[in-house]
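First the structure, in the form of structure tokens, and then the observations on it.
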Amino acid sequence: VTRSGPPTDRSEQAETSARRNSGRGQARFELKGYLKLSRGQRVPIVDVLRLKEVFNEVDDDGDGAISPTELTRAMFKANPGLATESGGVAQARVHTQSLFRALDAKHQGKIGFESLLRVVYGRGGDLSRDDVHALVEVGKPCAPVRRISPDEMQTIMDIWGVWDSDHDGRLVEAEFVAALRTCISRDEAKRLFVEADKDDSGDLSF
């Protein structure tokens with residue numbers, strides 16, 4: 001990720017992030033967290049990361065692909081009223097199966113992340129192999145989702161409440177660095193903050 005303007009600590013750190021060639025037919029990272037695809041389409045990196053997070057959550061067994069059962073389960077979980085809206089459970093399953101077939105472009109009986117990327121960003125198949133590879137690379141930092149127990153979530157919330165000194169619901173760099181001052185160096189804390197600030201907003205949400 002590159003930025004224009006006077007260099008700052010955060011921009012210098014960010015400039016060490018992955019960068020791709022800008023030659024014809026190749027995707028590349030560009031200004032302010034966007035991935036520029038070969039046909040000129042600009043995709044926010046944070047959108048790809050969110051899509052991968054959703055993919056991982058639906059991929060319940062963590063095998064790297066979404067099965068018809070996993071998609072159906074996720075849709076019923078996301079919308080408890082789906083059966084009523086669809087005119088019954090059987091009809092709702094028909095709808096989820098139709099969606100699965102639309103996403104399973106290669107008719108493999110499963111939906112991989114690459115297939116999902118082609119549907120979301122392909123605009124009718126207009127997505128090169130280089131584009132797909134670049135998008136997959138962007139999504140790699142998102143590891144498969146591990147379910148957090150209620151006790152773990154409460155512990156995280158308690159820690160967040162201590163770190164968020166002004167109680168505005170977000171952590172700025174100064175709060176983050178102060179919270180970690182007894183654990184790691186100031187420079188290391190700043191580096192971690194830059195890595196965690198995926199959308200380059202200058203603060204971290206819970």
Checklist line | Hydrophobic cluster membership, Met75 vs Val58, 4.5 Å side-chain cutoff | finding: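 Yes; Val58 is reachable from Met75 via cluster members.
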Notebook entry, point to check: With sequence neighbours left out, which residue pairs that include part of residues 55-84 fulfil the ring-ring contact (aromatic ring centres under 6.0 Å, His included) condition?
Noted result: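 Only Phe55-Phe113 qualify under ring-ring contact (aromatic ring centres under 6.0 Å, His included).
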Side-chain contact, heavy-atom cut-off 4.5 Å: [X] with [Y]?
| X | Y | answer |
| --- | --- | --- |
| Phe193 | Val177 | no |
| Glu57 | Glu53 | no |
| Phe206 | Leu171 | no |
| Arg50 | Val46 | yes |
| Arg186 | Arg181 | no |
| Leu51 | Leu117 | yes |
| Leu35 | Val48 | no |

Would the distance check show the side chain of [X] and the main-chain N or O of [Y] forming a donor-acceptor pair, the cut-off being under 3.5 Å?
| X | Y | value |
| --- | --- | --- |
| Arg73 | Glu70 | no |
| Asp131 | Ser38 | yes |
| Ser98 | Val94 | yes |
| Ser201 | Asp197 | no |

Approximate separation, where rounding is to 0.5 Å, of [X] [atom1] and [Y] [atom2]:
| X | Y | atom1 | atom2 | answer |
| --- | --- | --- | --- | --- |
| Asp60 | Leu71 | CG | CG | 12.0 Å |
| Ser205 | Lys198 | OG | NZ | 13.0 Å |
| Leu82 | Gln91 | CG | CD | 10.5 Å |
| Arg101 | Ile111 | CZ | CD1 | 11.5 Å |

Checklist line | Any residue meeting side-chain hydrogen bond (donor to acceptor under 3.5 Å, both in side chains) with Gln154, in chain and number order, not counting sequence neighbours | finding: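 Checked Gln154 against side-chain hydrogen bond (donor to acceptor under 3.5 Å, both in side chains); matches are Asp158.
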Checklist line | For Ser165, side-chain hydrogen bond (donor to acceptor under 3.5 Å, both in side chains) partners two or more places apart | finding: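 Checked Ser165 against side-chain hydrogen bond (donor to acceptor under 3.5 Å, both in side chains); matches are Glu175.
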Checklist line | By side chain to side chain contact (heavy atoms under 4.5 Å, CB included) - contacts of Glu114 (at least two apart) | finding: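 Per chain and number, Glu114 pairs via side chain to side chain contact (heavy atoms under 4.5 Å, CB included) with Val132, Val136.
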[X] and [Y]: which non-hydrogen atoms are nearest, and at how many Å?
| X | Y | answer |
| --- | --- | --- |
| Phe100 | Ile66 | CE1-O, 3.4 Å |
| Asp59 | Gly64 | OD2-N, 2.8 Å |
| Leu204 | Trp160 | O-CH2, 3.3 Å |
| Ala102 | Val119 | O-CG2, 4.1 Å |
| Pro68 | Gly109 | CD-O, 3.7 Å |
| Leu49 | Val138 | CD2-O, 3.3 Å |

Next item on the list: List the steps and the verdict of side chain to side chain donor-acceptor pair (under 3.5 Å) for Asp187 and Ser185.
Entry: CA-CA 5 Å; Asp187 288 343; Ser185 70; 5.6 Å; no
Margin query: Pair Lys110, Asp104 - check salt bridge (charged side-chain N to carboxylate O under 4.0 Å, His left out), show working.
Written below: CA-CA 6 Å; Lys110 59 184 179 180; Asp104 181 19; over 6 Å; no
Check: Could you go step by step and tell me if Glu173 and Lys190 meet the side-chain contact (heavy atoms from CB on, under 4.5 Å) rule?
Finding: CA-CA 7 Å; Glu173 185 181 86; Lys190 285 186 174 184; 3.8 Å; yes
Next item on the list: Output all residues satisfying salt bridge (charged side-chain N to carboxylate O under 4.0 Å, His left out) with Glu85, sequence neighbours left out; order by chain, then residue number.
Entry: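 Applying salt bridge (charged side-chain N to carboxylate O under 4.0 Å, His left out) to Glu85 gives none.
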Next item on the list: Mind jotting down which residue pairs meet the salt bridge (Lys or Arg N to Asp or Glu O under 4.0 Å) criterion with at least one end in residues 161-171? Sequence neighbours excluded, please.
Entry: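 Qualifying pairs, neighbours excluded: Arg170-Asp203.
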Check: How about Arg93 and Thr96: does a side-chain donor come under 3.5 Å of a side-chain acceptor?
Finding: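 Side-chain D/A pair, Arg93 to Thr96: absent.
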Next item on the list: Check the pair Ile184 / Leu192 against side-chain contact (heavy atoms from CB on, under 4.5 Å), numbers first and verdict last.
Entry: CA-CA 10 Å; Ile184 57 178; Leu192 290 176; 3.5 Å; yes
Next item on the list: Let me see the working for Tyr34 and Asp47 under side-chain contact (heavy atoms from CB on, under 4.5 Å), right down to the final yes or no.
Entry: CA-CA 9 Å; Tyr34 286 86; Asp47 287 358; over 6 Å; no
Check: Is the shortest distance from a Lys or Arg side-chain nitrogen in Arg191 or Glu188 to a carboxylate oxygen in the other one below 4.0 Å?
Finding: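 Glu188 and Arg191: salt-bridged.
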